Amino acid sequence: MEEVAVVSDGKLELGRPAVILLCGSLVYYHCAYRDSSLLSLFSDVLIVLLCSLAILGMLFRQMNISVPVDPLEWQLSLDTSNSIAACLANTIGAAESVLRVAATGHDKRLFLKVIVILYAQSVLGRMASGATIAYAGLCICCLYIFAQNSLMAKFTCKIGRRGSGGGAQESM
């Protein structure tokens with residue numbers, strides 16, 4: 001069952017899409033407008049995190065607050081790493097099998113679909129930079145999450161109004 005991102009009283013949870021959009025905007029600004037690479041972005045993020053943690057550590061030391069840091073909590077479990085690797089292997093394997101079937105010529109419709117999609121990506125890549133396309137995809141994803149949450153809120157509000165009619169209700 002999918003978890004609904006609706007808080008009680010019919011209010012929407014907008015935090016997750018907003019944070020994703022903010023982080024995507026910062027990545028887009030760094031890569032597109034400053035003409036920097038992803039490696040420099042990664043380095044800048046690590047520098048900011050390191051400086052922030054150092055300042056917080058000095059502040060906590062001055063205030064005599066002890067914060068236990070257990071690096072064992074930061075490690076991935078074996079099951080999690082295996083599921084990530086399996087998901088990556090399945091995705092790569094599925095793409096490879098589609099390209100293999102398209103290249104053999106047995107399925108002409110699949111071959112034409114692959115050619116049209118690759119040509120559209122080529123045209124889109126000539127029109128805009130990779131960072132712009134990735135940012136547009138991120139914005140569309142955030143809008144989708146927001147729309148899905150708002151539809152769920154409307155649906156649950158209708159169910160809540162219908163269920164609070166005061167009559168006999170069925171129990172599950």
Side-chain angles (χ1 to χ4, degrees), residues 1-53 74 76-77 79-162:
M1 180 179 265
E2 190 173 313
E3 186 176 320
V4 179
V6 176
V7 183
S8 62
D9 300 330
K11 294 181 183 177
L12 295 176
E13 179 184 314
L14 299 176
R16 187 176 299 149
V19 168
I20 291 171
L21 193 60
L22 178 69
C23 292
S25 298
L26 291 173
V27 169
Y28 179 70
Y29 168 76
H30 188 82
C31 294
Y33 288 114
R34 291 184 55 202
D35 290 329
S36 299
S37 66
L38 286 176
L39 182 61
S40 68
L41 171 69
F42 185 68
S43 300
D44 289 345
V45 167
L46 285 179
I47 289 171
V48 168
L49 285 175
L50 181 65
C51 292
S52 301
L53 290 174
W74 298 347
L76 289 176
S77 68
D79 293 336
T80 305
S81 61
N82 285 340
S83 66
I84 290 171
C87 179
L88 185 63
N90 287 339
T91 304
I92 292 172
E96 184 264 334
S97 67
V98 166
L99 290 176
R100 184 185 315 130
V101 169
T104 58
H106 294 310
D107 191 355
K108 293 188 184 1
R109 289 184 66 193
L110 179 64
F111 176 75
L112 289 176
K113 285 180 187 177
V114 169
I115 293 297
V116 167
I117 289 172
L118 289 176
Y119 183 72
Q121 287 178 350
S122 171
V123 169
L124 190 62
R126 284 188 217 119
M127 289 175 27
S129 70
T132 303
I133 294 169
Y135 184 65
L138 180 73
C139 290
I140 290 170
C141 179
C142 287
L143 286 174
Y144 173 75
I145 292 171
F146 176 72
Q148 186 180 17
N149 289 343
S150 64
L151 289 175
M152 283 297 210
K154 288 180 184 177
F155 182 70
T156 55
C157 287
K158 286 180 183 179
I159 290 176
R161 277 187 245 133
R162 192 180 316 149

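All figures in this text were calculated on a predicted structure; none of them were measured in a lab.
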**Prompt:** Minimum heavy-atom separation for Leu138 to Gly24, with atom names?
**Reply:** CD2-CA, 3.1 Å
**Item:** Test side chain to side chain contact (heavy atoms under 4.5 Å, CB included) applied to Val48 - qualifying residues, sequence neighbours left out
**Value:** Ser52
**Fill in**
In terms of heavy-atom contacts, Cys139 and Leu21 come closest through SG-CD1, 3.6 Å
**Prompt:** What are the two closest heavy atoms between Cys142 and Pro17, and how far apart are they?
**Reply:** SG-O, 3.5 Å
**Fill in**
CD1 of Ile47 to OG of Ser43, rounded to nearest 0.5 Å, is 6.0 Å
**Prompt:** By side chain to side chain contact (heavy atoms under 4.5 Å, CB included), which residues pair with Asn82, not counting sequence neighbours?
**Reply:** Leu78
**Request:** Using the test side chain to side chain contact (heavy atoms under 4.5 Å, CB included), find all partners of Thr80 that sit at least two apart in sequence or belong to another chain.
**Result:** Leu76, Ser77, Ile84
Validation: residues 109-120 side-chain donor-acceptor distances under 3.5 Å, sequence neighbours left out:
none

**Message:** I need the Leu50 CG to Leu46 CG distance, nearest 0.5 Å.
**Reply:** 8.5 Å
**Complete:** For Tyr144, the side chain to side chain contact (heavy atoms under 4.5 Å, CB included) test, sequence neighbours excluded, returns Gln148
**Item:** Contact list for residues 131-141, test side-chain hydrogen bond (donor to acceptor under 3.5 Å, both in side chains), sequence neighbours left out
**Value:** Ser25-Tyr135, Tyr28-Thr132, Ser129-Thr132
**Fill in**
Hits for salt bridge (Lys or Arg N to Asp or Glu O under 4.0 Å) against Arg100, two or more places apart or cross-chain, chain-then-number order -> Glu96
**Item:** Nearest-0.5 Å distance that lies between atom OG in Ser83 and atom CG in Leu88
**Value:** 11.5 Å
**Request:** Could you tell me whether the side chain of Asp44 reaches within less than 4.5 Å of the side chain of Arg34, counting heavy atoms only?
**Result:** yes
